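Report on the following structure.
Just so it is clear, the values below take in all heavy atoms, side chains as well, and ignore hydrogens, waters and symmetry mates. Since the structure is predicted, the reported quantities are computational estimates derived from the model, not experimental observations.
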Amino acid sequence: MKILTALLLISTSVHAQTVNNATVNMQGTNQNVTITQSGGSHSASVDLRGNGITFLGSQSGTTNQSYSIAIDCGSNCPTSPYTITQY
């Protein structure tokens with residue numbers, strides 16, 4: 001998980017994960033973050049800071065799906081940047 005977090009911190013491309021628990025802390029401009037979780041009992045904690053940030057999150061499977069999200073987009077906030085789907 002430490003390696004994945006480090007990669008997320010230095011990259012600006014789209015990121016995907018299929019794990020039970022995800023933690024993303026990112027700062028920067030024009031970041032695109034995608035978290036996809038499937039299976040049982042999973043959660044995501046997302047803290048994004050910077051301009052032009054987008055976030056797509058999807059959780060599927062059994063119950064106990066949760067997101068904790070904090071986004072500070074500064075002065076350049078996208079008009080439709082955040083999508084969360086749980087099913």
Completion exercise
Residue pairs passing the salt bridge (charged side-chain N to carboxylate O under 4.0 Å, His left out) test with at least one member in residues 77-87, sequence neighbours excluded, are none
Practice task
Mind checking side chain to side chain donor-acceptor pair (under 3.5 Å) for S58 and listing every partner two or more places apart, or none if nothing turns up?
Solution key: none
Handout entry: Contacts of S60 that satisfy side-chain contact (heavy atoms from CB on, under 4.5 Å) - sequence neighbours left out
Key = S38, Y87
Handout entry: Min side-chain heavy-atom separation N32-F55 under 4.5 Å
Key = no
Handout entry: Contacts of Q59 that satisfy side-chain contact (heavy atoms from CB on, under 4.5 Å) - sequence neighbours left out
Key = Q37, H42, A44, Q65, Y67, Q86
Handout entry: Among L48, L56, T54, I71, side-chain contact (heavy atoms from CB on, under 4.5 Å) partner for V33
Key = L48
Practice task
Report the residues that fulfil side-chain contact (heavy atoms from CB on, under 4.5 Å) with D47, sequence neighbours left out, ordered by chain and then residue number.
Solution key: N25, R49, A70
Handout entry: Partner residues of S66 under the side-chain contact (heavy atoms from CB on, under 4.5 Å) criterion, sequence neighbours left out
Key = S43
Exercise for the section: Answer whether the closest heavy-atom distance between the side chains of S45 and V24 falls below 4.5 Å. Expected result: no
Handout entry: Any donor-acceptor N or O pair under 3.5 Å, side chains N51, T29
Key = no
